[in-house]
Amino acid sequence: MDKGLRIILRKSKIGHPAHQARVLAGLGLRKINGSVVRADTPTIRGMIRKVIHLVDVQQVDSEEKG
(Lines give C-alpha, C1' and ligand atoms only; values in the text may rest on other atoms or scores of the structure.)
Protein backbone atom coordinates (compact mmCIF):
# COMPACT_ATOMS: atom_id res chain seq x y z
CA MET A 1 0.00 0.00 0.00
CA ASP A 2 1.50 3.31 -1.09
CA LYS A 3 1.61 6.13 1.40
CA GLY A 4 1.04 9.74 0.54
CA LEU A 5 0.98 13.09 2.27
CA ARG A 6 -1.90 15.56 2.08
CA ILE A 7 -0.40 19.03 2.41
CA ILE A 8 -2.73 21.94 3.22
CA LEU A 9 -1.65 25.59 3.03
CA ARG A 10 -2.84 27.21 6.27
CA LYS A 11 -0.98 30.56 6.30
CA SER A 12 -0.18 33.06 3.59
CA LYS A 13 3.22 33.22 1.95
CA ILE A 14 3.03 37.02 2.00
CA GLY A 15 5.70 38.48 4.25
CA HIS A 16 7.88 35.36 4.13
CA PRO A 17 11.14 34.96 2.19
CA ALA A 18 10.91 34.38 -1.55
CA HIS A 19 12.53 30.94 -1.33
CA GLN A 20 9.63 29.76 0.85
CA ALA A 21 7.14 30.97 -1.77
CA ARG A 22 9.07 28.99 -4.38
CA VAL A 23 8.92 25.87 -2.20
CA LEU A 24 5.14 26.25 -1.87
CA ALA A 25 4.86 26.64 -5.65
CA GLY A 26 7.00 23.54 -6.09
CA LEU A 27 4.62 21.61 -3.86
CA GLY A 28 1.69 22.87 -5.96
CA LEU A 29 0.12 25.05 -3.27
CA ARG A 30 -1.44 28.31 -4.43
CA LYS A 31 -4.28 29.43 -2.16
CA ILE A 32 -4.92 29.30 1.56
CA ASN A 33 -6.77 26.07 2.48
CA GLY A 34 -5.70 24.58 -0.85
CA SER A 35 -4.47 21.02 -0.59
CA VAL A 36 -2.40 18.61 -2.64
CA VAL A 37 -1.46 14.97 -2.21
CA ARG A 38 2.17 14.07 -2.83
CA ALA A 39 4.13 10.84 -2.49
CA ASP A 40 5.88 10.36 0.85
CA THR A 41 9.48 10.74 -0.33
CA PRO A 42 12.55 12.30 1.31
CA THR A 43 12.48 15.13 -1.25
CA ILE A 44 8.90 16.10 -0.42
CA ARG A 45 9.60 15.76 3.31
CA GLY A 46 12.54 18.17 2.92
CA MET A 47 10.36 20.69 1.11
CA ILE A 48 7.71 20.42 3.83
CA ARG A 49 10.37 20.98 6.50
CA LYS A 50 11.23 24.34 4.90
CA VAL A 51 7.64 25.61 5.18
CA ILE A 52 6.25 23.59 8.11
CA HIS A 53 5.11 26.81 9.81
CA LEU A 54 2.79 27.54 6.86
CA VAL A 55 1.26 24.11 6.21
CA ASP A 56 -0.54 21.18 7.83
CA VAL A 57 0.43 17.65 6.82
CA GLN A 58 -1.64 14.46 7.05
CA GLN A 59 -0.66 10.97 6.01
CA VAL A 60 -3.07 9.26 3.59
CA ASP A 61 -3.33 5.83 1.99
CA SER A 62 -3.24 5.19 -1.75
CA GLU A 63 -7.06 4.93 -1.91
CA GLU A 64 -7.42 8.56 -0.78
CA LYS A 65 -4.94 9.90 -3.35
CA GLY A 66 -7.19 9.68 -6.38
So do [Y] and [X] actually touch side chain to side chain, heavy atoms under 4.5 Å?
| X | Y | value |
| --- | --- | --- |
| Leu5 | Ile48 | yes |
| Ile44 | Ile7 | yes |
| Lys3 | Val60 | no |
| Ile8 | Arg6 | yes |
| Leu9 | Val51 | no |

Evaluation steps, side-chain contact (heavy atoms from CB on, under 4.5 Å), between Arg38 and Met47: CA-CA 11 Å; Arg38 298 288 176 245; Met47 293 173 78; over 6 Å; no

Counterpart residues, side-chain contact (heavy atoms from CB on, under 4.5 Å), relative to Pro17 (two or more places apart):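 Pro17: side-chain contact (heavy atoms from CB on, under 4.5 Å) contacts with His19, Gln20.
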
List, one per line, each side-chain donor-acceptor pair under 3.5 Å for residues 28-36, sequence neighbours excluded.
unit_1	atom_1	unit_2	atom_2	d
Asn33	OD1	Arg10	NH1	2.8

Contacts of Arg22 that satisfy salt bridge (Lys or Arg N to Asp or Glu O under 4.0 Å) - sequence neighbours left out: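 Listed in chain order: nothing, the list is empty.
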
